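These figures come from a predicted structure and were not determined experimentally.
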Amino acid sequence: MTDETGAQLTKAQQIAAELKAAIERGDYGPGDRLPGENALATQYEVASLTARRALKILRTEGLVETKRGAGARVISFHPIRRRGIQRLARGQWGSGKTVWSADDRRAPDVDQITVLEDVAPPQHVSDVLDLAPGETVCVRSRRYVMDGRPVMVAESYLPQSLVAGSPITQADTGPGGIYARLADLGRAPTHFREEIRVRMPSVEEAARLAIPGDRTVIKLARTAFDSDGRAVEINEMTMDSAAYVLDYEFDA
């Protein structure tokens with residue numbers, strides 16, 4: 001058995017592929033328990049270790065969750081469809097809506113948030129925000145959960161001199177969020193740039209997202225610019241790759 005590139009699959013990968021196909025067909029629904037290691041080993045005539053590796057592949061891909069003594073169960077979670085173009089339109093946050101309302105009928109909750117003034121921001125943040133030596137930034141750190149599952153952690157950096165005394169320095173920024181408040185300050189974003197890459201998580205990132213250390217994360221860095229082309233915010237997001245579909249739709 002080979003994959004889409006023609007590469008030969010290991011026995012564990014073959015078993016995982018067959019189980020994944022069964023899940024996609026609906027043979028196993030959300031919350032259903034998959035056959036255990038011993039049952040899979042017998043069915044496919046492989047060692048228990050091979051069956052365990054197959055189940056680990058499914059866990060890494062975010063299809064199942066495993067608990068000691070309970071086996072592997074199909075996760076009842078629908079990935080968030082993140083609509084990268086629509087969510088940043090001014091008609092979205094400018095009307096008091098959250099950017100999340102463009103993504104999904106479900107909106108995540110913020111279960112962890114800190115807002116502080118950082119006197120030593122990362123060098124790349126200082127460079128992009130064009131900060132003077134010694135100038136500080138407001139750092140907004142949040143963790144987002146959907147259906148009780150952590151899906152993303154994010155840190156926003158804004159010049160402290162720009163946002164001092166505004167709701168941006170509070171936990172609740174009000175309707176429309178950060179961008180609506182920047183508009184109130186006369187520095188509304190008019191242009192965005194997003195950079196996306198995928199890598200393995202750090203130990204801290206895996207812990208905050210409650211994911212296996214061998215599951216990739218999506219690193220998305222967004223910079224917001226005002227009408228004069230000055231960067232007013234950098235938002236660095238770390239997403240559970242199994243929790244998101246990145247959707248970009250635009251005219252030719």
Test: Asp130 and Arg230 ion pair at under 4.0 Å: no

Short N-O contact, Asp147 and Arg149, less than 4.0 angstrom: no

Under a 3.5 Å distance rule, please check whether [X] uses its side chain to pair with a backbone N or O of [Y] as donor and acceptor.
| X | Y | result |
| --- | --- | --- |
| Thr190 | Asp226 | yes |
| Arg73 | Gly31 | yes |
| Arg187 | Ala231 | no |
| Gln14 | Leu9 | yes |

Are [X] and [Y] grouped together when hydrophobic residues (ILVMFWY) are joined by side-chain heavy atoms under 4.5 angstrom apart?
| X | Y | value |
| --- | --- | --- |
| Val198 | Val153 | no |
| Leu220 | Met200 | no |
| Met146 | Tyr144 | yes |
| Val245 | Val151 | no |
| Ile234 | Val137 | yes |

State the [atom1]-[atom2] distance between [X] and [Y], to the nearest 0.5 angstrom.
| X | Y | atom1 | atom2 | answer |
| --- | --- | --- | --- | --- |
| Gln123 | Asp127 | CD | CG | 4.5 Å |
| Ser156 | Met237 | OG | CE | 7.5 Å |
| Glu195 | Lys219 | CD | NZ | 12.5 Å |
| Ser227 | His191 | OG | NE2 | 12.5 Å |
| Arg197 | Ile218 | CZ | CD1 | 12.5 Å |
| Leu182 | Ile168 | CG | CD1 | 4.0 Å |

Side chain to side chain contact (heavy atoms under 4.5 Å, CB included) against Ala16, all qualifying residues, sequence neighbours excluded: Ala54, Ile57, Leu58

For Pro35, all residues meeting side chain to side chain contact (heavy atoms under 4.5 Å, CB included), sequence neighbours excluded: Tyr28, Ala39, Leu40

Determine whether [X] and [Y] make a side-chain contact, defined as any pair of heavy atoms from C-beta on separated by less than 4.5 Å.
| X | Y | answer |
| --- | --- | --- |
| Thr238 | Arg208 | no |
| Arg143 | Val145 | yes |
| Pro175 | Arg181 | yes |
| Glu233 | Pro189 | no |
| Val217 | Ile211 | yes |
| Ile178 | Asn235 | no |
| Arg215 | Ser241 | yes |
| Ile80 | Met152 | no |

Which atom of [X] lies closest to which atom of [Y], heavy atoms considered:
| X | Y | answer |
| --- | --- | --- |
| Pro201 | Pro212 | CG-O, 4.4 Å |
| Ala171 | Ile113 | O-CD1, 3.5 Å |
| Val46 | Ala51 | CG2-N, 4.3 Å |
| Leu55 | Ala72 | CD2-CB, 4.3 Å |

Derivation of the side chain to side chain contact (heavy atoms under 4.5 Å, CB included) call for Val64 and Ile23: CA-CA 10 Å; Val64 304; Ile23 293 172; 4.2 Å; yes

Under 3.5 Å side-chain donor-acceptor pair for Glu18 and Tyr44: yes

Pairs touching residues 157-172 that satisfy side-chain hydrogen bond (donor to acceptor under 3.5 Å, both in side chains), sequence neighbours left out: Glu135-Ser161

Test log, rule side chain to side chain contact (heavy atoms under 4.5 Å, CB included), inputs Ile85 and Glu249: CA-CA 7 Å; Ile85 304 297; Glu249 180 179 349; 5.9 Å; no

Criterion salt bridge (charged side-chain N to carboxylate O under 4.0 Å, His left out) on Glu194 and Arg222, from CA distance to verdict: CA-CA 4 Å; Glu194 290 193 340; Arg222 179 173 67 237; 3.2 Å; yes

